[in-house]
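In what follows, residues are counted from 1 in the order of the sequence shown.
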Amino acid sequence: MNTFRQLAILLQENESFLMNTVLHYALAYGYSKYTSTLVEAWRLSISGLTNAISQYISANPDAIPDIRVDSNYRDDAVASFGVVEAKRHRSRGIDLGMFLGLFKYYRDSYLDLVKEKIKINELASQYSRYLIRCFDRIELSFCIEWATASEDIKLEELQTKNMLLVNEKNKYLTLFESFLSPLILLRDDHIENMNMAGVQLLEPLEGTGIYYYDQEYRRQLRHKKSKSILKFKNKNILRLFPWMASALTAFDKYNATYNQFVASIFNETSKMQEDYCITIFPMRDLSKKFSGKIIFFDNISEKKMAEVQLRESEGKYRTLVETMNEGILVLNEELVVTYINEMVSSLLGYPKDEIIGQKILKFLHAECNEDFIEQQRLRKEGNADSHEFVMVKSNGEKVFVLSSPTPLFDASHKFVGSYEVLTNISNIKLIEMQLIHSQKMETIGVMASGIAHEINTPLQYVIGNSSFIKENMEDVLDLTTKIRESLKMAASEDIHDALQGLQQAFEGLDIEFITEEMPRAISECMEGLNRIAAIVTSVKRFSHPDSDVFKSINVNREIANTITISKNEWKSVAQLTSDFEENLPNLQCIPSDFNQVILNLIINASHALQEKYGDTSEKGTIHMKTYSGKHHLFVSVTDNGAGIQKSIRDKIFSPFFTTKDVGKGTGMGLAIVLKIIEKHKGKIWFESEEGQGTTFFVQFPLKPAFSEEVQLNLEDYGDDSQAH
């Protein structure tokens, strides 16, 4: 024998089938006239019966139940269900035969389910016999409970049920009247009932505002309403609203679940023409005892006025957006442009319809794509920081823009895109680049005398030794000439005379001095020239003419070069030491910009030392350090100079702010440093103690906006970018 646990699962998974089947039987054989009209009531009855049978199966999973002479019809799950149903239906005035008749169709519905779903005849037969025995036990317990109850108990149950019915009726009437919108019930398109708001719509009722607050007035108004209902009751709705004919006809013709439309109606109480959204829907009656329609009138006059005001506001907004000097760009989560204003179209030189619907990457400079995708990732996290990027016009010209974004989220807090306000900063960027270049020229100008001094010392070595070599080389050349002449003389004359001539030539030349000093002089010349070449190379490496191109640099080497060319700035006031991390990762940056940052920080440190030690014979210290983390590279510049006053610490990165005397500083050094670092997506901060010194920390991303995650995201967004 198979276990019957699968039967319980079958019943629980097919409650809708069971409800529809038993309802079909109830309608077909007239039982629906005495049962509930509500879907929920039928669903609960099936659910309760299924749960009872499932519990019984759980307790008796292996064998079909028997009906024995000593069987107990109260303690198990199905018997208890029968007892409860007996009390419930008896209190409603249902007689025993009526209930048992309907219950036979419940039984048939469950057997129909087995027949429909179980295709193995033997298993279907076992399931059917099990269900038949369960229904037998329910009916027996039902009959026993019904028969053993006294007449007094039955009368008391009936009275209790009648009281509940009266309460339910009052609840319905209260609910019906609680609607502040007009509500009309129709049967065959004739008025069956309407609420107070419906009466107010059709005839004037003064003072109805206190209906819900004054009990005596409410009683009087209900009496007046009852008289009005009698006047309208059974009247065809088309006599009141003839324009509703087409809506009712369409509703009946297509057996619609609802019909909704808007109409203008004169309200007899307010004496105003008002707009209503009218909804017609059928009575939700499974048993088909109460066929009819409900008409719901929702006053939307204020809504329509609000819509008009909203359209006017939207018109003003669109006018504002389309005429503003900033560009408006709206992107979805896939970086597709969903809206732009005229300024963006003008900025890029494309018509609107050629931009909307395209991915924004198509209009960005190729070098900005990865950074833009990274910014979009930050938008998903709610970040709304401004950022710069470069767009490309239809003619290939670059446009620098500053974006002020706002992340967009739907009601479920899902990211759906961003709203970006774009400002054309091309002219500002041009001025900024000129300013940075000017700052570099200013710095190089300040260093020029120092560089000249650095070059002059080895140059003096070269000039002095070159003069020495030149003078002695003339004597060596004379000796060479005499040797050649003596050799010729030896071939044709007496060799003794030739050797005597050579001896005299050697005695006139200090050959030992020449052979000792000449190599040293040449070596010093080479050393001087190499030193000059090193300085020139450092200056050249510092300047980096390809100043707008990101390249991979050796940070330690670049800092060493900058230290070399800035030596004249710090050597008189500082001992400069360094602690460079070995195997430091290379950094992707604009080399000349990086060098400018380091140079400005070194000069800043030397000025701080000059302020503290300038009038003494002491020297301060400058300590350079490099180190790296998992995602960032760090450079620190520490001095033990005068420190930064607390009152000015929030101003030192501001343009044109300086503590130096007029003519000794423009105040742009640290402002330029900050701008360069921000361009590289880095950070700068400092720690300072007055009188003790300052440390500036610079943080660069090792892969600024070019992480593997961004690379993958770029692939996700597709390759829609132009090759600029």
Side-chain angles (χ1 to χ4, degrees), residues 436-459 526-607 609 621-628 633-639 669-670 672-673 675-677 679-680 682 684 696-700 702 704:
I436 292 174
H437 180 72
S438 174
Q439 172 68 16
K440 287 183 179 181
M441 293 301 101
E442 176 187 335
T443 305
I444 291 174
V446 170
M447 294 190 306
S449 60
I451 294 172
H453 178 78
E454 290 297 313
I455 292 176
N456 188 57
T457 300
L459 191 59
M526 293 302 296
E527 182 182 343
L529 291 172
N530 287 335
R531 188 170 176 184
I532 292 170
I535 294 171
V536 171
T537 300
S538 295
V539 173
K540 182 179 179 182
R541 187 173 291 143
F542 176 86
S543 63
H544 286 282
D546 50 347
S547 58
D548 61 344
V549 179
F550 273 78
K551 286 186 175 181
S552 177
I553 67 166
N554 182 313
V555 169
N556 291 341
R557 188 177 67 183
E558 295 295 331
I559 294 177
N561 287 333
T562 306
I563 290 173
T564 298
I565 67 169
S566 64
K567 186 174 181 180
N568 199 59
E569 285 292 312
W570 53 261
K571 68 179 182 180
S572 62
V573 293
Q575 295 289 339
L576 195 149
T577 60
S578 61
D579 178 13
F580 294 159
E581 178 182 305
E582 293 185 9
N583 302 318
L584 192 71
N586 278 11
L587 177 67
Q588 286 283 345
C589 68
I590 299 174
S592 62
D593 282 355
F594 176 84
N595 290 337
Q596 183 70 36
V597 168
I598 302 303
L599 178 63
N600 282 17
L601 293 178
I602 291 175
I603 292 175
N604 229 50
S606 66
H607 288 175
L609 294 174
T621 60
I622 299 175
H623 183 66
M624 309 286 296
K625 183 177 181 180
T626 62
Y627 54 101
S628 61
L633 184 146
F634 300 88
V635 178
S636 66
V637 181
T638 302
D639 68 72
L670 288 177
I672 294 296
V673 166
K675 196 67 184 175
I676 291 173
I677 291 172
K679 181 166 70 173
H680 287 74
I684 183 171
F696 278 89
F697 299 91
V698 181
Q699 171 188 302
F700 289 99
L702 282 175

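Put simply, CG on Leu633 and OH on Tyr627 are 9.5 Å apart, with the number rounded to the nearest 0.5 Å. Distance CD1/Ile602 to CH2/Trp570: 8.5 Å, rounded to 0.5 Å. One distance of note links CD1 of Ile598 with CD1 of Ile603; it measures 12.0 Å at 0.5 Å rounding. For the atom pair NZ (Lys567) and OG (Ser606), the distance works out to 14.5 Å, reported to the nearest 0.5 Å. To the nearest 0.5 Å, the span separating CZ on Arg557 from OG1 on Thr562 amounts to 11.5 Å. Summarising the geometry, atom CG belonging to Asn586 is positioned 11.5 Å from atom OG belonging to Ser628; distances are rounded to the nearest 0.5 Å.
Looking only at atom types and distance, the side chain of Glu558 has no donor-acceptor partner in the side chain of Asn554 under 3.5 Å away.
Under the rule for a side-chain contact (heavy atoms from CB on, under 4.5 Å), the partners of Asp579 that lie at least two apart in sequence or sit in another chain are His623, Lys625. By the side-chain contact (heavy atoms from CB on, under 4.5 Å) test, Thr626 is found to be paired with Val555, Asn556, Ile559, Phe580, Glu581, Leu584, Val635, residues two or more places apart in sequence or in another chain being considered.
Counting heavy atoms from C-beta on, the side chains of Ile676 and Phe594 never come closer than 4.5 Å. Residues Leu576 and Lys571 form no side-chain contact, since every pair of their non-hydrogen atoms from C-beta on lies 4.5 Å or further apart. No side-chain heavy atom of Thr577 sits less than 4.5 Å from a side-chain heavy atom of Met624. Residues Val637 and Asn604 have side chains not in contact (no heavy-atom distance under 4.5 Å, counting atoms from C-beta outward).
A centroid separation of less than 6.0 Å is found between the aromatic rings of Phe550 and His680.
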Start with the C-alpha gap between Leu702 and Phe700, add the side-chain angles, then the distance that decides, and say whether side-chain contact (heavy atoms from CB on, under 4.5 Å) holds. CA-CA 6 Å; Leu702 282 175; Phe700 289 99; over 6 Å; no

Check the pair Ile684 / Gln699 against side-chain contact (heavy atoms from CB on, under 4.5 Å), numbers first and verdict last. CA-CA 6 Å; Ile684 183 171; Gln699 171 188 302; over 6 Å; no

Take Thr621 and Asp639, measure what side-chain contact (heavy atoms from CB on, under 4.5 Å) needs, and give me the verdict at the end. CA-CA 6 Å; Thr621 60; Asp639 68 72; over 6 Å; no

For Val698 and Ile677, run side-chain contact (heavy atoms from CB on, under 4.5 Å): C-alpha distance rounded to whole Å, both residues' side-chain angles, the deciding distance at 0.1 Å, then the answer. CA-CA 8 Å; Val698 181; Ile677 291 172; 3.7 Å; yes

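Between Leu599 and Ser566, the closest heavy-atom pair is CD1-CB, 3.6 Å.
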